[in-house]
Each structure stands twice: as structure tokens, then as C-alpha cells.
Amino acid sequence: MELTVNIKDQAKIAAFLNLIKKMDYVEIIDVKEGSDNLPLEHRDLLDKRLERIKNGETTFKNWDSIKMKYENKEI
């Protein structure tokens, strides 16, 4: 069964995705975000990233782990 979910509060998308990724019986097939407010260059980068994920060349990254990487890095 496939289910379409619309998350109204954009700030909670990552938390929702992290929650359902923990469920071994749920598979994330596709993620689409409204990109009306993004510059064209950013949309292109995101489209290329999603294509690499779809092709199995990379995976979704957990934002908390990426954030920690940069918080612990001295500039």
C-alpha cells in the first residue's frame, strides 16, 4: 500500500522522516517538497541529489549527524 502525506509545517519534515525511517516495515519511496521559494540553482542541486539517491549512488543523511559534524569542527 502506498500513502501520500502532506506535512503542513515545513520545519517538522525532517523530524517526521526520521521517525518513519526507524520503522522497519515502512519504505520511503519518494520525497517531494514544495520548491517554489528556492532559487533555481538550489532546486537543480536538490534534483541531482534526489536522482543519485534514486539510483542507489548515495543515501539520505541524518541532519543531526551532519549538524554535529560542523558544530564540532573548528573554523
Side-chain angles (χ1 to χ4, degrees):
M1 177 178 90
E2 288 188 30
L3 171 69
T4 301
V5 176
N6 181 28
I7 301 173
K8 295 177 184 179
D9 186 349
Q10 296 292 308
K12 299 192 182 198
I13 290 174
F16 177 77
L17 288 174
N18 285 333
L19 176 67
I20 63 172
K21 279 195 282 186
K22 293 178 183 177
M23 300 175 190
D24 61 350
Y25 55 90
V26 175
E27 176 186 11
I28 299 173
I29 296 173
D30 193 14
V31 176
K32 295 179 183 176
E33 292 187 46
S35 57
D36 298 339
N37 57 349
L38 291 176
L40 183 58
E41 297 84 4
H42 290 184
R43 279 187 266 167
D44 288 342
L45 289 172
L46 290 173
D47 288 343
K48 290 175 185 173
R49 172 90 173 132
L50 289 173
E51 188 66 27
R52 288 195 312 271
I53 291 169
K54 181 179 173 184
N55 293 335
E57 298 168 11
T58 189
T59 60
F60 283 106
K61 305 293 184 204
N62 181 319
W63 170 245
D64 291 328
S65 64
I66 293 171
K67 186 168 68 170
M68 284 177 51
K69 174 184 171 184
Y70 288 99
E71 286 176 346
N72 294 334
K73 188 175 185 178
E74 292 185 27
I75 299 175

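Hydrogens, waters and symmetry mates are skipped; everything else that's a heavy atom, side chains included, is used.
- Under the side-chain hydrogen bond (donor to acceptor under 3.5 Å, both in side chains) criterion, R49 pairs with T58, sequence neighbours left out.
- For D64, the side chain to side chain contact (heavy atoms under 4.5 Å, CB included) partners at least two apart in sequence or on another chain are N62, K67.
- In the hydrophobic cluster analysis, where Ile, Leu, Val, Met, Phe, Trp and Tyr join through side-chain heavy atoms closer than 4.5 angstrom, I29 is grouped apart from L3.
- For D9, the side chain to side chain contact (heavy atoms under 4.5 Å, CB included) criterion is met by A11, K12, not counting sequence neighbours.
- E57 meets the side chain to side chain contact (heavy atoms under 4.5 Å, CB included) test with R52, N55; sequence neighbours excluded.
- There is no path of hydrophobic side-chain contacts, each under 4.5 Å, that joins L40 to L46.
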Distance-only check: which donor-acceptor pairs under 3.5 Å involve side-chain atoms of residues 13-26, not counting sequence neighbours?
from, atom 1, to, atom 2, distance (Å)
N18, ND2, A14, O, 3.3

